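Just below is one structure, and these are the notes that go with it.
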Amino acid sequence: MTLKVINLYRRLLKHFGKQEWWSTISTENPKFEVIVGAILTQQTAWKNVEMAIKNLKDENLLEAKKLFKLPISRLKVLIKPCGFLKVKTKRLRSFLKFFIENFDAELEKMFEKNLNELRRELLSVHGIGYETCDSILLYAGEKPIFVVDAYTFRLCERYPIINSKNYEEVREFFEKNLPRDVNLFKEFHALIVELGKNYCKTKPLCEKCPLKKGCKHAISIDNLPN
DNA sequence: ACCCAGGTGGCCC
DNA sequence: GGGCCACATGGG
């Protein structure tokens with residue numbers, strides 16, 4: 001199974017090329033920007049999030065303490081383009097409060113904490129669920145946690161590697177069947193998103209999907225004796 | 001005029 | 001544990 005998962009990664013990489021969007025962020029505070037983005041992008045197109053981030057950046061507000069001091073009404077206006085104003089304002093502020101109170105708004109302090117404990121704590125913050133939590137840990141914290149999202153579940157339905165709709169089960173499956181490599185995890189998740197955006201929009205798998213053609217090939221590799 | 005987007009919490013069973 | 005709903009804006 002490990003071979004099949006790695007083969008899937010190779011195929012996606014070959015088809016879509018390296019994504020590496022996270023290394024194109026050129027801000028003074030890229031990791032914090034990743035965290036804010038992770039919260040704002042919930043159920044929202046990244047284009048909308050970019051507008052909101054730009055609003056914050058233009059006001060030099062990509063810094064936790066500044067952002068937390070900002071009046072709620074003002075924050076709502078700035079993040080307006082990504083929708084769910086009330087909800088996301090509350091969620092963003094919940095994280096900021098947690099980050100400031102527990103780690104004095106210092107990323108190094110937060111990420112030096114024991115990974116399992118930190119993950120549990122993040123998950124207990126209002127508005128931070130599995131995907132947001134793990135995106136923060138992987139892309140901002142450089143931790144070897146595999147991010148699962150709606151596209152990953154769709155992929156698993158169509159490309160039978162694991163039969164589960166349970167977040168933790170799917171995450172552990174990928175982590176178990178891949179080398180523990182942060183950059184690999186980042187790239188793999190990004191590729192799954194790219195696949196989803198391009199090919200897995202519709203319920204039935206569309207004809208053009210690169211997985212469809214290669215599916216049999218991957219399965220036959222699994223059937224080979226190691 | 002639809003439909004969808006890299007989710008989450010609340011409420012129900 | 002899982003199913004369903006509200007949450008809001010911008011783009012196709």
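Being a predicted model, the structure only gives us computed values, none of them experimental. Throughout, protein chains are lettered first and strands after them, A, B, ... in sequence-line order, and every chain is numbered starting at 1.
- dA8(C) and dA1(B) are spaced 23 Å apart, taking the P atom of each and rounding to whole Å.
- Protein atom CZ of F188(A) is 18 Å distant from nucleotide atom P of dG6(B), rounded to whole Å.
- Within a 6.0 Å radius of NZ in K80(A), no more than 12 heavy atoms belonging to other residues, nucleotides or ligands are found.
- Judged by the 6.0 Å and 45° rule, K4(A) forms a cation-pi pair with Y159(A).
- When distances are taken from the side chain of M51(A) to each of dG11(C), dG6(B), dG9(B), the shortest belongs to dG11(C).
- Between I162(A) and V170(A) the shortest heavy-atom distance is CD1-CA, 4.1 Å.
- Rounded to a whole Å, the OH atom of Y167(A) is 13 Å from the C1' atom of dT8(B).
- With a 6.0 Å radius and a threshold of 12 heavy atoms from other residues, nucleotides or ligands, N163(A) has its CG atom at or below the threshold.
- Between the CG atom of L40(A) and the P atom of dT9(C) there is a distance of 14 Å, given to the nearest Å.
- Nearest to the side chain of H126(A), among dG7(B), dG9(B), dG6(B), sits dG9(B).
- Among the nucleotides dC7(C), dT9(C), dG6(B), the one closest to the side chain of L85(A) is dT9(C).
- Heavy atoms of V125(A) sit under 4.0 angstrom from primed sugar atoms or phosphate atoms, though from no base atom.
- T132(A) has a side-chain polar atom (N or O) that falls below the 4.0 Å cut-off from OP1 or OP2 of dT8(B).
- Between Q42(A) atom CD and dG6(B) atom P there is a gap of 13 Å when expressed in whole angstrom units.
- Here K86(A) lies in heavy-atom contact (under 4.0 Å) with sugar-phosphate atoms only.
- If you find the closest nucleotide of DNA chain B to L123(A) and to T41(A), the one lying nearer the 5' end belongs to T41(A).
- We find that CG of L78(A) is positioned 15 Å from C1' of dT9(C), with the value rounded to whole Å.
- Separation of the F146(A) and F173(A) ring centroids does not fall under the 6.0 Å cut-off.
- Residue S135(A) places its side chain closer to dG6(B) than to any other of dG9(B), dG6(B), dG10(C).
- For NZ of K109(A), the number of neighbouring non-hydrogen atoms (other residues, nucleotides, ligands) closer than 6.0 Å is greater than 12.
- If you measure from atom CG of N48(A) to atom C1' of dG10(C), you get 5 Å, rounded to the nearest angstrom.
- Out of dG1(C), dT8(B), dA5(B), the shortest distance to the side chain of A45(A) is found at dA5(B).
- Annotation: dC4(C) and dG6(B) have their P atoms spaced 22 Å apart (nearest Å).
- Within the 4.0 angstrom heavy-atom criterion, no nucleotide atom of any strand lies near I192(A).
- Considering only side-chain atoms of D149(A), the nucleotide from dG10(C), dG2(C), dG6(B) that sits closest is dG6(B).
- Using a 4.0 Å heavy-atom distance criterion, V87(A) is classed as a sugar-phosphate-only contact.
- Taking atom NZ on K90(A) and atom P on dT8(B), their separation rounds to 15 Å, with Å as the unit.
- If you take CD of Q43(A) and P of dC4(B), they are 10 Å apart, rounded to a whole angstrom.
- Residue K80(A) is classed as a sugar-phosphate contact, given heavy-atom separations below 4.0 Å to backbone atoms only.
- Nearest nucleotide to the side chain of F84(A), out of dC7(C), dG10(B), dG7(B): dC7(C).
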